[in-house]
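Structure, as structure tokens:
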Amino acid sequence: MSEKTEGRGLARAVPSERYWKPRSKAWVAAEGLSLAALLTVNLLMPTVQEVEDLPYRIAVSLGLAFLAGAIVVSIFNEKARSRLYHHAQFVFALALVLIAWDLVTEKSDLLPLPFFPSAAQILQVIVEDYEKLLISTAYSLRLLVVGFAIGTVSGLATGIFLGWYRQWGYWVFPTVKIMSVIPATAWIPVAMIVFPSSFGAEVFLIVLSVWSPVAYMTATGIAGIPKAHIEAALTLGADERFLLFKVAVPGAMPSIFIGIYTATGLSFATLVVSEMIGAKAGLGWYINWAKSWSNYAKVYASIVIMAILFSLVMDLIFKLRDRALVWQKGLIK
Amino acid sequence: MSAEARTTEGAIKVEGVGRTYVDAYGHEVEALRGIDLFVNPGEFVSLIGASGCGKTTLLRLISGLDKPQAGKLFLDGTEIAGPSHERGLVFQQANLFPWETIEDNIAAGLKARRVYKEKKKEVQRYIDMTGLKGFERTYPHQVSGGMAQRASLARALINDPKVLLLDEPLGALDAFTRMDLQDRLLELWGERGTTMILVTHDVDEAVYLSDRIVIMTPRPGKIEEIIPLSSPRPRSRGDPEFLELRTLILEKLHFVSRPKGPEYFL
């Protein structure tokens with residue numbers, strides 16, 4: 001079906017599932033106006049706190065420019081149009097929230113400093129302290145990648161053993177079960193003694209937080225493979241290697257990915273906490289360091305960067321899952 | 001249509017086989033007792049009987065997925081010790097691997113036996129043979145039940161088994177698809193001369209396809225009677241001889257499953 005026939009008739013009557021909000025020009029106008037108001041308020045109202053507003057104003061202007069660009073593109077592109085309409089209400093509300101934030105912080109000093117800085121001040125910190133933040137981000141990312149990789153691989157190996165060999169499952173599965181209910185961060189005192197370097201201790205904690213859910217879900221996934229699949233493979237001439245790697249593991253993939261994204265969430269928490277105890281750098285360390293100076297704008301700056309970084313990691317995990325489980329598409333919702 | 005293609009291999013001998021299992025409630029169920037059966041190379045034999053007569057158990061014993069507690073089973077004189085690609089099995093539900101495409105499912109046997117590289121070309125041949133052209137890249141849940149069952153058939157046949165075991169493979173399909181697949185099965189059988197052992201509860205199907213029909217009775221499962229069918233194929237379902245045989249078998253099945261005498265007086 002061509003874009004044209006789809007766009008004109010059907011799509012308007014039956015809105016697409018993803019972009020289902022009303023296609024109203026009024027909301028786009030409201031979106032533009034609210035963003036303009038945000039910029040105007042920040043520009044014209046006197047600021048009572050000591051803030052460098054320039055980065056914030058540039059950011060809001062970029063937002064406005066982006067909206068203008070989106071409107072132009074949407075004239076020619078059907079998909080861009082539905083996206084524009086769909087997000088209009090949300091951006092409108094977001095701009096209102098930002099105006100309110102501006103008003104209760106730098107425009108009135110209503111919320112106490114330094115605990116509740118303005119958005120402009122947080123952005124200012126990110127711009128001014130970008131070097132330290134960049135290094136911290138790189139440190140955190142390195143820790144996450146190393147810990148996550150070791151944790152996932154060892155978790156998969158453990159889970160395959162426990163799920164496939166009954167004896168292994170009998171003896172070792174209780175350990176995995178117990179370990180999976182203990183937060184990895186509870187082992188901080190032990191990790192600090194056992195590992196000579198703080199990096200080693202941090203990696204160990206993340207490995208621990210990833211290993212147990214991955215091992216647990218891999219083991220249950222493999223143990224839960226329908227007997228009929230195994231029997232079908234046997235009558236086709238399968239040996240044990242084929243059964244394990246071409247039947248049990250692919251069949252357990254949905255379960256394995258549940259383990260992996262549970263582990264992802266846990267690893268974020270473990271990362272931040274473990275960086276707060278012994279690290280010399282990292283986003284968790286940065287929060288702790290900023291807090292000791294009572295520089296809350298920096299605390300928020302680190303949180304903002306975490307939000308972006310961790311979202312990207314999560315997205316990557318979901319993309320990997322969608323690729324690995326493409327056969328499930330349409331099978332379950 | 002004849003079964004001359006391969007008539008020296010694929011003989012199944014069942015000798016005094018018995019099998020008892022424990023059901024979900026802890027009761028012992030004697031699924032089979034004293035089963036003797038010889039299936040000739042290239043023969044098409046159907047096992048028919050009321051549920052619980054052990055026909056599926058017998059098929060599983062021949063496949064090697066289950067082991068007898070008494071007696072022995074042989075393929076061409078060699079005792080059956082476990083599952084093998086020489087005895088292909090087609091299940092009632094197509095039982096394809098949901099994570100593989102239709103094409104990869106059909107190729108699974110070649111990969112399992114590590115002969116995929118040499119026999120890669122076979123895959124397309126079997127896809128064409130079972131009319132699945134154009135669906136190679138789809139996943140099992142995206143195709144109809146009939147197509148899934150054809151893929152399942154191709155998956156078993158690509159291994160070139162000496163014996164093909166069919167466990168009610170058409171039972172879950174609608175009447176039209178079933179008749180279509182029965183003809184396809186006969187065609188494949190005629191070309192290859194593979195020994196076929198079919199478990200079914202559909203008398204029409206058994207009469208339409210078989211050289212011999214084995215009637216089994218439950219509790220304990222045993223062979224009641226073996227009926228040879230000599231009429232040439234393709235058989236016509238409306239033929240007087242066909243209908244007569246059908247009635248005869250239905251009567252036998254009904255008679256043996258009827259209570260021996262009145263159990264209650266009012």
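Sequence lines set the chain letters: A, B, ... in the order given, protein chains first and strands last, and positions in each chain run from 1. Please read these numbers as outputs of a predicted model, since none were measured by experiment.
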Pick one of side chain, backbone, both or neither for B:R155, based on which atoms fall under 4.5 Å of a heavy atom in chain A.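 Backbone plus side chain of B:R155, per the 4.5 Å heavy-atom cut-off to chain A.
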Checking B:L65 against chain A: side chain, backbone, both or neither under 4.5 Å from a heavy atom?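 Contact with chain A is through the side chain of B:L65 alone.
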Any salt bridge between [X] and [Y], counting N to O under 4.0 Å?
{"X": "B:R192", "Y": "B:D160", "result": "yes"}
{"X": "B:E187", "Y": "B:R184", "result": "no"}
{"X": "B:D202", "Y": "B:R178", "result": "yes"}
{"X": "B:D76", "Y": "B:K13", "result": "no"}
{"X": "B:K120", "Y": "B:E122", "result": "no"}

Any idea which of A:L243, A:D239, A:V247 has the most non-hydrogen atom pairs under 4.5 angstrom with chain B? A:V247
Picking from A:A233, A:A232, A:P226, which has the most non-hydrogen pairs under 4.5 angstrom with chain B?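 Most heavy-atom pairs within the cutoff with chain B belong to A:A232.
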Quick check on A:A324 against chain B: is it the side chain, the backbone, both or neither that has a heavy atom closer than 4.5 Å? neither
Tell me if the aromatic rings of A:W168 and A:F161 count as close, with their centers under 6.0 Å from one another.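 Yes, they do, as the ring centres are separated by less than 6.0 Å.
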Are B:S210 and B:S46 linked by a side-chain donor-acceptor pair shorter than 3.5 Å? yes
How about residues 253-266 of chain A versus chain B: which residues have heavy atoms under 4.5 Å apart?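 Not one residue of residues 253-266 of chain A has a heavy atom under 4.5 Å from chain B.
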